[in-house]
Protein chains: 2
Amino acid sequence: MSPARRTTIDDIARAAGVSKATASAALNGRSGVAAATRARVLNAAESAGWQPSSAARALSGTRTDTLGLLLDRPARTLGAEPFYMQLISGIEAALADRGTGLLLQVVEGEDAEQRTLRAWWAARRVDGVFLCDLREDDSRIALVESLDLPAVVVGGPEGTGGVTAAWSDNTAPVRECLDYLYSLGHRRIAYVAGLPELAHTATRVAEFRRRSAELGLDGLEGDAAEGPAVLHADYSGEEGARATRALLIRRAAPTAIVYDNDVMAVAGAAVTQEMRVPVPGRVSLVAWDDSTLCGLVHPPLTALGRDVAAYGGLAARLLLDRVDGADVGDVEAAPMRLIVRGSTGPAPE
Amino acid sequence: MSPARRTTIDDIARAAGVSKATASAALNGRSGVAAATRARVLNAAESAGWQPSSAARALSGTRTDTLGLLLDRPARTLGAEPFYMQLISGIEAALADRGTGLLLQVVEGEDAEQRTLRAWWAARRVDGVFLCDLREDDSRIALVESLDLPAVVVGGPEGTGGVTAAWSDNTAPVRECLDYLYSLGHRRIAYVAGLPELAHTATRVAEFRRRSAELGLDGLEGDAAEGPAVLHADYSGEEGARATRALLIRRAAPTAIVYDNDVMAVAGAAVTQEMRVPVPGRVSLVAWDDSTLCGLVHPPLTALGRDVAAYGGLAARLLLDRVDGADVGDVEAAPMRLIVRGSTGPAPE
DNA sequence: GTGAATATCCGAACCGGTTCGGACGTCAAG
DNA sequence: CTTGACGTCCGAACCGGTTCGGATATTCAC
């Protein structure tokens with residue numbers, strides 16, 4: 001019951017009748033230890049329930065056994081989006097076996113990002129970091145490179161410099177989505193995109209424009225009467241709803257709307273009900289990033305889905321390899337798939 | 001550009017022309033250092049951008065400057081529920097000023113909980129831990145007490161033993177909710193509760209039964225023809241939908257349903273649409289735990305809301321005090337408020 | 001039987017902080 | 001002038017691991 005002094009490597013060395021050095025070698029599976037000795041040490045450690053002090057281990061120059069996850073989104077949108085928690089779950093699953101911990105930091109603003117990364121580096125708190133929501137010309141890239149801090153970008157792979165990326169293609173899903181809607185007869189398609197400063201938004205929007213032109217889709221009034229309608233929003237439900245309203249009151253309203261995340265899509269769906277616009281009778285809706293949310297509303301939303309947890313696991317394994325000094329290249333995650341549900345249908349005549 | 005050797009306290013001691021001991025005392029604001037000397041040291045540290053090594057500091061027996069958050073929910077429901085991310089944001093906001101980090105661990109199952117806590121303790125990875133989703137007779141309580149590991153329970157305050165709790169009352173909101181529905185004329189009210197093994201579920205259900213009897217509410221058929229209908233679900237949308245369907249097809253269906261979280265409520269709302277049951281015309285819906293989600297669907301859901309981030313901040317401050325050795329008692333968070341939106345209305349005649 | 005190669009183990013230094021006891025100088029009280 | 005109380009600063013030990021060079025024992029070739 002007593003808190004008890006925690007057992008140290010000295011204790012188990014003494015118990016096994018060897019020196020600290022030998023005990024350390026045995027416990028870390030290094031060669032140069034007789035099999036019998038190793039067994040004695042391992043045995044002693046086991047029965048004493050010994051665990052190495054992470055601090056002592058970190059201090060002696062090797063490893064912290066901690067990775068950092070830096071999230072830069074307002075708390076409001078962070079909570080609403082299932083993406084991050086799923087990503088975290090996936091990362092953790094990959095880390096659990098190795099006894100590596102995950103240090104989480106939620107910040108707001110580029111300055112805070114830089115401060116956090118510098119502080120982590122200076123205090124040697126983490127062996128490496130995950131970088132999410134990359135912006136164009138992101139200052140974090142240069143920073144981790146100059147600090148020589150191992151990092152993996154979740155997203156990309158454009159603009160990641162020398163930093164390895166766990167990426168998933170953003171162009172193919174755009175095409176798949178547009179082609180699918182095109183085949184249903186839709187010619188006026190709008191896109192409620194995310195924050196324009198984010199790199200993946202730019203990629204998606206560019207591909208959306210390119211493919212729209214290729215398919216010869218109609219422009220939407222108000223968009224300089226040409227080209228497809230792309231509105232930017234901040235991933236919150238409020239802005240998703242606002243954008244939807246703005247689109248649906250147009251004279252030549254779109255017959256299909258693609259949203260850059262599930263929250264905005266759900267909010268958009270609520271707007272259609274409120275405005276009594278039949279879905280998918282008058283307008284079809286597609287959400288980018290599937291989550292349980294999409295299947296729960298009525299009608300259930302057609303979505304571009306992927307296994308976010310697996311994505312996180314991939315990023316975690318990449319970062320662990322990078323920390324181990326391996327020279328890993330970018331790796332592509334499983335592509336997103338279009339999951340057709342009730343919110344999409346043939347375009348109105 | 002070079003990674004550069006990180007500056008140590010020795011460097012800044014030399015730069016200031018003092019010993020390591022004096023430098024340490026100066027940097028930690030301890031007394032017994034002349035003002036002029038202290039200024040020199042601080043100055044040197046500042047201009048060198050020095051930060052103490054967390055490992056070294058932790059090793060010398062004092063502080064890890066890390067708190068642990070242990071989450072035991074399947075990844076699926078974790079992602080869907082905004083509660084945790086908001087809680088995390090709140091905790092982090094309170095921790096940020098102090099330079100304390102948050103170590104996150106997502107596990108599944110009681111064994112994994114125990115293993116994680118023991119590992120954290122043995123490796124001295126954290127100064128203290130947050131415990132969420134307390135069960136009745138929760139084994140974590142005894143563990144952290146026997147290990148003398150500072151802890152704060154998020155929830156409670158029943159069954160927390162000697163562990164301090166950041167709690168919010170679960171009985172008053174039940175009453176407020178029932179009384180509100182009663183005043184609207186509702187007499188058949190059902191409750192889609194959470195997992196029965198969780199302590200707060202038990203509290204809520206007991207109060208729901210007590211107050212229902214007090215108000216003389218009708219029992220629901222199938223419930224042994226007596227007492228209010230309480231169904232248990234696992235917080236997932238699927239089970240929330242299933243429970244809703246089961247309730248609405250009863251001969252004497254409830255005129256109001258209260259859900260234990262927002263996800264199930266949203267799913268329930270979708271079921272009403274699918275079954276063409278008008279809300280709030282035929283049935284009123286209330287969600288426990290408000291989130292942006294509730295305001296986004298149509299009709300927007302009446303909900304029991306609270307400032308989850310502030311709740312997390314409270315828990316964080318409590319735990320920091322406990323780590324500092326203060327003997328803090330349980331503290332109650334701001335009470336939940338009923339936020340009336342469009343999903344509740346007068347009971348059908 | 002001898003020398004060298006090899007396997008095994010140990011002592012001691014080191015990582016970068018904190019902390020404690022003591023040395024030194026100054027100043028006021030006796 | 002002596003003594004003692006402070007204020008200031010330093011040396012050295014310590015936290016609990018890892019690592020490296022070297023000591024000792026064992027084995028092998030010749």
* **Verdict with reasoning, B:Thr100 to B:Arg63, per side chain to side chain donor-acceptor pair (under 3.5 Å)** => CA-CA 10 Å; B:Thr100 303; B:Arg63 207 48 59 73; over 6 Å; no

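- For B:Leu27 and C:dG16, the CG to P distance is 16 Å, given to the nearest whole Å.
- Among residue pairs with one or both ends in residues 101-111 of chain B, those qualifying as side chain to side chain donor-acceptor pair (under 3.5 Å) are B:Glu110-B:Ser139; sequence neighbours excluded.
- In this structure, B:Arg30 atom CZ and D:dT8 atom P are separated by 14 Å, rounded to whole Å.
- Mapping B:Trp50 and A:Ala35 onto DNA chain C by nearest heavy atom places A:Ala35 at the nucleotide closer to the 5' end.
- Comparing A:Asn28 and B:Val33 against DNA chain D, the residue whose closest nucleotide sits nearer the 5' end is B:Val33.
- Checking D:dG17, C:dT18, C:dG17 against the side-chain heavy atoms of A:Pro52 singles out D:dG17 as nearest.
- Taking a cutoff of 4.0 Å between a charged side-chain nitrogen and a carboxylate oxygen, B:Asp138 and B:Arg140 qualify as a salt bridge.
- Listed nucleotides D:dT18, D:dC9, D:dG16 differ in distance to B:Thr37; the shortest reach to its side chain belongs to D:dC9.
- Judged purely by atom type and a 3.5 angstrom limit, B:Ser24 has no side-chain atom pairing as donor or acceptor with the backbone of B:Lys20.
- No donor-acceptor pair closer than 3.5 Å links the side chain of B:Trp120 to the backbone N or O of B:Gly68.
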For nucleotides 10-14 of chain C, which of its nitrogen or oxygen atoms have a protein nitrogen or oxygen under 3.5 Å away, and what is each distance?
{"unit_1": "C:dC10", "atom_1": "OP2", "unit_2": "A:Ser19", "atom_2": "N", "d": "2.7"}
{"unit_1": "C:dC10", "atom_1": "OP2", "unit_2": "A:Ser19", "atom_2": "OG", "d": "3.3"}
{"unit_1": "C:dC10", "atom_1": "OP2", "unit_2": "A:Thr22", "atom_2": "OG1", "d": "2.9"}

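- Spacing between atom CZ of A:Arg124 and atom P of C:dC15 amounts to 12 Å, rounded to whole angstrom units.
- Checked by atom type and distance alone, the side chain of B:Trp121 pairs as donor or acceptor with a backbone atom of B:Leu147 at under 3.5 Å.
- In this entry the distance linking CZ of A:Arg125 with C1' of C:dG17 reads 15 Å, nearest Å.
- Nearer the 5' end of DNA chain D, as judged by each residue's closest nucleotide, is the contact made by B:Arg40, out of B:Arg40 and A:Gln51.
- With A:Asp127 contributing its side chain and A:Asp65 its backbone, the two residues share a donor-acceptor pair below 3.5 Å.
- Taking atom CG on B:Leu59 and atom C1' on C:dT18, their separation rounds to 10 Å, with Å as the unit.
- When distances run from any side-chain atom of A:Thr8 to the nucleotides C:dT18, C:dC15, D:dG17, the shortest one goes to D:dG17.
- Straight-line distance from the CZ atom of A:Arg63 to the P atom of C:dC15: 19 Å, rounded to whole Å.
- Between A:Ile9 atom CD1 and D:dG16 atom P there is a gap of 11 Å when expressed in whole angstrom units.
- At whole-Å resolution of the value, CZ in A:Arg57 and C1' in D:dG16 are 11 Å apart.
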